[in-house]
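Contents: one structure, followed by commentary.
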Amino acid sequence: MIRVANYDYTDAGIPGPLFFGEQAAMLQKHQTSTAVEFGTLAALATISIIFLISYLGSVLYRNRDDSLLLLGLICLLYALYNGMISERVLAMVGTEISFSALYKLKDFCSVACLGLLTMYFYRFKTGILSGILTALILIIFGAYLCMVAFLPISVYGIVAPYVVVMYTLLLLWLLYQCAMQFLSSGKGERLSTFLWYAALLSITLYCLDINLFSISLKENMNIGQASIVLFSILMLFLAVLRFFEAYRTVRALKDQLLLLDKVKDDFLSNTSHELKTPLNAIVNISESLLKGAEGPLTDEQAHNLAIVTGSGRRLTYLVDELLDYSKMKHGDIPLHRSSTDLYSFVESVMRMHSFLLGAKKVELINLIPAHFPPIYADGNRLIQILHNLIGNAIKFTERGTVSISATVVQGKAEIRMVDTGRGIGTDKLEHIFLPFEQEADTGPVVAGGTGLGLSITRKLVELHGGTIYAESVPGRGATFILTFPLADSKGEKRSNVMPLTIAPAGSINRSLRFEEPTIVNGNKDEWIIVVDDDSANLQTIVNLLKLEGYSYAVTSRSPSVLELLDKLPAVHLVIADIMMPDMSGYELLERIRERFSPSELPVLMLTAGNKAHQLKLALAKGANDFVSKPFESEELLARIGGLTRMKTSVQAARDAEISFLRSQMNPHFLYNALNAIAELCVDAPNRAEQLILQLSSYLRRSVHFKHLDSKTSLMNELEMIEAYVAIEQARFGQRLEVIIDVDVDVNRNMDIPPLTLQPLIENAIRHGLMSSIRGGRVMLSIRNLNDTETRFTIEDNGIGITRQRMDEIRQSTDGSNGVGLWNISSRLNLLYGRHLQMESLDGEGTRITFDLPNQRLSTDGNGGYEP
């Protein structure tokens, strides 16, 4: 007799028929059922492991594929679920677990699988599930899983039928969507969309079979178990199919890239050949003109032609590099080796590079003995090797030496080229010999070159049977060591390839080197400073500025710009290259902006990279505009004209402002002077007459200039002070003492801004001394600090200034807390970038100090200043 009670579980009781029979038949049936269940679990677990291993492989090779992880977890959870349908598999592995825990775990795995399947379709099958619907489904499934974990079976079992209905509808919707995709798919997608439809059909059949079994409408789950295994196999097949499709795509792309690479090589080769003819014509014609084919040249003409020749020759070498790179890839670089004099070839290449150094302070030294044994090499290729190595050393050496020496080591010539440049990082010593690699890990990037020179150099040296490698310490230069076989054992004749020679014409040699800084006074009184480390670019800009009549100063070093700003009159524009070897254009721009605002001194940046982050950084640091190199002359001149006109407009507005400030100065003194003269007219008419003459002298000197940024001499300013002091002493008598102490070595003809000292003396007398009944003393002292600086000090022993009042004066930006002091400080800042230094103690007096350059405006026409 079997008694069954159902008090806690909705599907409890006996779900299927009971079988009775002989022991052998019953045992065989039990073993068959166990084998089917265990086989299903093993198949699902195996496929799950395959998915998970594939996922780990994708992570290891930095190409993570989350779909493999989701499929692996789905198969793993279904394997666990099928292992817990009956207790046969658990009994085989010896696992004992309570019925309640087993029931909860089975429900948890079933719903979690469907949640992962929902996430998979949302992420990797677009157009089937929307984001809102996916989020709603996952929230419901998540809430149900929490109920399974924390509530009794009898409680969460109430909502279980609704969850079953929901995920059944979900599977039917996914099946419908996959069917529609299959019907609308193209020829190349038919197989994959059919497999997706079959996989969804399999898992739908599995869920339906499980549900029918759970409500006792089926005796077994054989169809369901077969369906879930089929689903796993189909998903594995889809993953493998996707892998082979990716492989086929990669192979097609590889073939396409190989074809494009060949097209690129052919294009480079054809283009390089087409460029060589006009380049050779440019170089040859320029060299013939330099040698006097059309008559003697001036130094300036020779300088311009030499730059054309050097630029054309450099471009010719770049074209040769492209040709050699194409040949090197196909292994057809021919060598015509013979006995070659190493000393003469090195000397010739060094002489050529010495003419192309521009303003660089680099000395090229040939330390190879004149009678060094000849080497067995191709003369033309040896010139190419030397050109690449020496040119590379010069490019990364701002100042110092580049030397080449040679010794015989183990029957081979060992050549060592040593430079004193910035060096190469240890991790870059091998990378610099790779194609299109350029060493730029320290300092600003040095523009120029293709990055093929050292790669081709290594290949050429190895073709000669030699070796090449580099040694370097960053900041201390680099050494390139290469070896060549000697020609003594080859029995070869001397090479018939003559090294390149250049006539050492003295005048031409002088014209090729940039003497810097070069300062030229043009027709326009608008000064422009140009800084670029490329002499060809400098000469191009100089020619354009000369045609437009600008006054200009050019240099190849950024620090020279800061010196020129102090030496030249009001500069209207600075043109600076971003990539400079010693101080980059960014650093120079920051130094300029510490002193001048963008409206007071515009800066135009030149950039070869034309990269967005470079331009953004330049504008953020205060650049007004930028031009990409190589530039069009019309564009450059248009931008120069726009910025200089802006500077002129700002200057006019500043002149108007300064004229207004000047108008605020005169009423103070005029009012006091007229009062003093009126008092003396009755008691001392003779004294009043003298004061009128002194007032007339003061007024004549104060209106002698048009703007406050013009200059007057120190002598004129002192005479104005003496006239003012005479009037004030007539007013205050013995209460006022003024001492003027000027060192004998001070140049009284030095230029200073007008109305700089007198207002400070007036301020000290009116506010410092005469505010007290006892009066006091004012002392003006002028001392030379050095050959270029003069210090002015105005000191009184009056009532002083309180700390609060001092802070108000220093924080004033519009003169509201003292027009006189603010006016003078503003002018000193505008003209020299300097300010008044004030020290004061309440009741003890005030001390004002400032320094000015003791220079006079030059009259020799070069636009500069002289001591």
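The CG atom of N749 sits 8.5 Å away from the CG atom of D751 when rounded to the nearest 0.5 Å. We find the CD1-CD distance between I640 and E526 to be 11.0 Å, quoted to the nearest 0.5 Å. Here the straight-line distance linking atom CD1 of I752 with atom CD1 of I782 works out to 7.0 Å at 0.5 Å rounding. Put simply, CE on M417 and OG1 on T479 are 8.5 Å apart, with the number rounded to the nearest 0.5 Å. To the nearest 0.5 Å, the span separating OG1 on T846 from CD1 on I801 amounts to 4.0 Å. Atom CD1 of residue I761 and atom CD of residue Q758 lie 8.5 Å apart, to the nearest 0.5 angstrom.
Taking the side chain as every heavy atom from C-beta outward, I541 and Y552 never approach each other to under 4.5 Å. A heavy-atom distance below 4.5 Å is found between the side chains of L389 and L454. With a 4.5 Å cut-off on side-chain heavy atoms, F480 and N392 count as touching. Counting only heavy atoms from C-beta outward, the side chains of N747 and L714 never approach each other to under 4.5 Å. Counting heavy atoms from C-beta on, the side chains of L562 and L588 come closer than 4.5 Å. Contact check for I794 versus D796: no side-chain heavy atoms found under the 4.5 Å cut-off. Side chains of L564 and W527 form no contact here, defined as non-hydrogen atoms less than 4.5 Å apart. Within the 4.5 Å cutoff, the side chain of L780 has no heavy atoms near those of the L760 side chain.
Partners of S558 under the side chain to side chain donor-acceptor pair (under 3.5 Å) rule, at least two apart in sequence or in another chain, do not exist in this structure.
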TODO: Please assess V603 against F596 for the test side chain to side chain contact (heavy atoms under 4.5 Å, CB included), listing each intermediate value before the final yes or no.
DONE: CA-CA 10 Å; V603 177; F596 301 97; over 6 Å; no

- [ ] Determine, stepwise, if the pair I390 / V349 fulfils side chain to side chain contact (heavy atoms under 4.5 Å, CB included).
- [x] CA-CA 8 Å; I390 295 176; V349 176; 3.8 Å; yes

Open item on the list: M583 vs R591, test: side chain to side chain contact (heavy atoms under 4.5 Å, CB included). Steps then yes/no.
Closed with: CA-CA 10 Å; M583 178 192 295; R591 298 285 296 276; 3.7 Å; yes

- [ ] Mind running side chain to side chain contact (heavy atoms under 4.5 Å, CB included) on E548 and L637 for me, showing each step along the way?
- [x] CA-CA 9 Å; E548 295 297 317; L637 288 175; 3.6 Å; yes

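Summarising the geometry of R595 relative to L565, their closest heavy-atom pair is NH2-O, 4.3 Å, with the distance given to 0.1 Å. Nearest heavy atoms, T401 versus T420: N-OG1, 3.0 Å. Closest of all the heavy-atom pairs between I432 and A470 is CD1-CB, 4.3 Å. Of all heavy-atom pairs between L538 and D532, the closest is CD1-O, 3.3 Å. Nearest heavy atoms, V542 versus V554: CG2-CG1, 3.3 Å. Looking at every heavy atom in both residues, A553 comes nearest to I519 through CB-CG1, 4.0 Å.
Between the side chain of E590 and the backbone N or O of K621 there is no donor-acceptor pair closer than 3.5 Å. Side chain of D743 to main chain of R783: no donor-acceptor pair is present (N/O by atom type, distance under 3.5 Å, no hydrogens or angles). In this structure, the side chain of S403 does not engage the main chain of I365 through any donor-acceptor pair within 3.5 Å. Put simply, the side chain of D419 gets close to the backbone of A478: a donor and an acceptor are under 3.5 Å apart. In terms of modelled atom types and a separation under 3.5 Å, the side chain of N624 and the main chain of L604 share no donor-acceptor contact. Panel note: side chain S472, backbone G477; a donor-acceptor pair is recorded below 3.5 Å. Distance alone, capped at 3.5 Å, is enough to place a donor-acceptor pair between the K647 side chain and the E600 backbone. S713 places no side-chain N or O within donor-acceptor distance of the main-chain N or O of M750, the cut-off being under 3.5 Å. Remark: the backbone N or O of L757 is paired with a side-chain donor or acceptor of E717 at under 3.5 angstrom.
Checked against V571 for a side-chain contact (heavy atoms from CB on, under 4.5 Å), the options V561, L601, I592 give a single hit: L601. The only option from D851, N784, N786, T849 that meets the side chain to side chain donor-acceptor pair (under 3.5 Å) definition with R791 turns out to be D851.
Contact check on R639 versus E635 returns a salt bridge, with a Lys/Arg side-chain nitrogen under 4.0 Å from an Asp/Glu carboxylate oxygen.
Heavy-atom neighbours of D525 CG from other residues, nucleotides or ligands within 6.0 Å: at or below the threshold of 12. At most 12 heavy atoms of other shown residues, nucleotides or ligands fall within 6.0 angstrom of atom CG in N523.
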